[in-house]
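Written below as structure tokens is the structure these notes are about.
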Amino acid sequence: MSAAVVGVVTFPGTNCDRDVVHAINRAAGDRAGLRAVPVWYEEADLSGIDAVVLPGGFSYGDYLRSGAIAALAPVMQAVAGRARQGMPVLGICNGFQILLEAGLLPGAMRRNRTLSFICRAVPVRVESVETPFTRAYRKGQVLRLPIAHYEGNYFAWPEELGAIEAADEAAPGRVVLRYCGPDGQDARIFPEYNPNGAAGAIAALANPAGNVVGVMPHPERASEEWLGSTDGLGVWLSLGQWLAERRAAAGLPAGRGGAP
């Protein structure tokens with residue numbers, strides 16, 4: 001049985017691409033049934049790719065705005081096209097910012113309310129297990145994941161945020177992860193439990209279809225015991241399970257390039 005293929009995009013300035021490839025190919029390994037391959041930002045053809053990860057870093061040096069230039073790269077046209085067809089797309093940190101700038105997710109990312117770079121592990125609560133990246137978790141499960149960003153303060157206009165939160169009461173919810181207290185309590189207190197001041201303490205957000213997810217914490221940095229946590233490993237196991245089930249439902253053999 002061949003593994004499903006995850007394209008990990010590298011933009012000029014990306015610095016977490018190899019970490020994501022390692023987390024998928026080595027940390028998750030055969031358990032996820034995935035194989036990560038690098039994708040260059042100039043690539044316009046994603047044939048043979050089952051899912052895409054936009055990793056963290058400082059694409060184009062974060063000039064103009066974080067993710068703004070990367071959102072115009074040739075590969076993003078291909079990513080947007082495949083995302084509309086249902087392909088899973090995960091943006092991590094700078095990748096989340098790129099998804100916002102590309103219009104694949106609503107809202108924008110502002111500087112942290114502390115106006116300082118934040119780098120530490122924080123608790124987040126799983127709000128939705130309906131996405132391809134969270135189905136291996138339990139709803140309400142508290143994860144401890146690292147964040148490292150200067151612009152992680154998620155913003156949406158009140159009516160937009162209201163729509164997101166209203167959808168959160170149904171399935172699938174739009175809010176995927178939410179910053180919380182250490183025991184999972186709903187503590188949207190800045191900065192004690194909501195480190196960057198994000199609207200609704202949103203740490204991860206999905207599009208209405210649920211296949212495009214942006215997440216500020218770094219699951220790849222919590223995918224092995226020696227890193228201090230394996231709480232991020234479920235992201236890769238979830239994706240592998242989702243892709244395998246989709247192929248089985250379509251009557252296709254497991255493996256490369258077949259997921260929608």
Are H22 and E224 side-chain neighbours, meaning at least one heavy-atom pair lies under 4.5 Å? yes
If we ignore hydrogens and angles and just use 3.5 Å, is the side chain of N25 paired with the main-chain N or O of A36 as donor and acceptor? yes
Using side-chain heavy atoms (C-beta onward) and a distance below 4.5 Å, is L237 in contact with F133? no
So do the side chains of V39 and V8 get within less than 4.5 Å of each other, counting heavy atoms only? no
Ignoring hydrogens and geometry, is there a side-chain-to-backbone donor-acceptor pair from D50 to V6 under 3.5 Å? no
Looking only at side chains, do W40 and E42 share a donor and an acceptor under 3.5 Å apart? yes
Closest non-hydrogen atom pair, S59 against N94: OG-OD1, 2.8 Å
Say whether, by atom type as modelled, one donor and one acceptor occur between the side chain of R31 and the main chain of A27 under 3.5 angstrom. yes
Beyond-backbone contact of L243 with P88, side-chain heavy atoms, under 4.5 angstrom: yes
Going only through I, L, V, M, F, W and Y residues with side-chain contacts under 4.5 Å, is there a path from Y60 to Y150? no
Shortest non-hydrogen contact from S238 to R135? OG-N, 3.2 Å
Considering residues, nucleotides and ligands other than Y63, do more than 12 of their heavy atoms fall under 6.0 Å from its OH? no
Quick check: are there more than 12 heavy atoms from other residues, nucleotides or ligands sitting under 6.0 Å from CG of N15? yes
Quick check: is I69 connected to F58 through a chain of hydrophobic side chains (ILVMFWY, heavy atoms under 4.5 Å apart)? no
Could you check whether any side-chain heavy atom of L205 comes within less than 4.5 Å of a side-chain heavy atom of L177, counting everything from C-beta outward? no
Indicate the atoms forming the closest heavy-atom contact of I164 with P106, along with that distance. CD1-CG, 4.1 Å
According to a hydrophobic-cluster definition based on side-chain heavy atoms being under 4.5 Å apart (Ile, Leu, Val, Met, Phe, Trp, Tyr only), do L239 and V37 belong together? yes
Should E43 and R82 count as an ion pair when the cut-off is N to O under 4.0 Å? no
Do you see a donor-acceptor pair shorter than 3.5 Å between the side chains of N112 and T114? no
Distance-only side-chain donor-acceptor flag, Y179 / N196, under 3.5 Å: yes
Pairwise side-chain contact, H218 with C16, heavy-atom cut-off 4.5 Å (strictly under): yes
Classify the angle between the aromatic ring planes of Y154 and F96 as parallel (below 30°), tilted (30 to 60°) or perpendicular (above 60°). parallel
Can any side-chain N or O of Y41 pair as donor or acceptor with the backbone N or O of V9 at less than 3.5 Å? no
If only side-chain N and O atoms count, and only distance matters, is there a donor-acceptor pair under 3.5 Å linking Q97 with H149? no
Smallest separation among heavy atoms of T14 and P55, with atom names: CG2-CG, 3.6 Å
Under 3.5 Å, is there a donor-acceptor pair between the side chain of R35 and the main chain of V5? no
Is a donor on one side and an acceptor on the other found under 3.5 Å between the side chain of N207 and the backbone of L105? no
Go through the side-chain N and O atoms of T131 and S128 and say whether any donor and acceptor fall under 3.5 Å apart. no
ILVMFWY network linking L54 to L64, side-chain heavy atoms under 4.5 angstrom: yes
Does a side-chain heavy-atom distance below 4.5 Å link S223 with W236? yes
Donor-acceptor contact present, side-chain R174 to main-chain A206, <3.5 Å: yes
Begin from the C-alpha positions of K139 and E127 and carry the test salt bridge (Lys or Arg N to Asp or Glu O under 4.0 Å) through to its verdict. CA-CA 6 Å; K139 185 175 174 62; E127 300 287 82; 5.3 Å; no
Expected output: side-chain S229 to main-chain E225 donor-acceptor under 3.5 Å: no
Side-chain donor-acceptor pair under 3.5 Å between Q241 and E245, yes or no? yes
List the atom of V142, the atom of D183, and the distance in Å for their closest heavy-atom pair. CG2-C, 4.0 Å
Could you tell me whether the side chain of E101 and the main chain of I98 form a donor-acceptor pair under 3.5 Å? no
Could you go through E151 and R113, starting from their C-alpha distance and side-chain angles, then the distance that decides it, and tell me whether this counts as salt bridge (Lys or Arg N to Asp or Glu O under 4.0 Å)? CA-CA 9 Å; E151 297 184 27; R113 283 181 59 186; over 6 Å; no
Could you tell me whether the side chain of I147 reaches within less than 4.5 Å of the side chain of P195, counting heavy atoms only? yes
Indicate, with yes or no, if L145 and V122 share a hydrophobic cluster defined by side-chain heavy-atom contacts under 4.5 Å among Ile, Leu, Val, Met, Phe, Trp and Tyr. yes
Is it the case that the side chain of N211 and the backbone of A83 share a donor-acceptor pair, with hydrogens and angles ignored and the cut-off at 3.5 Å? yes
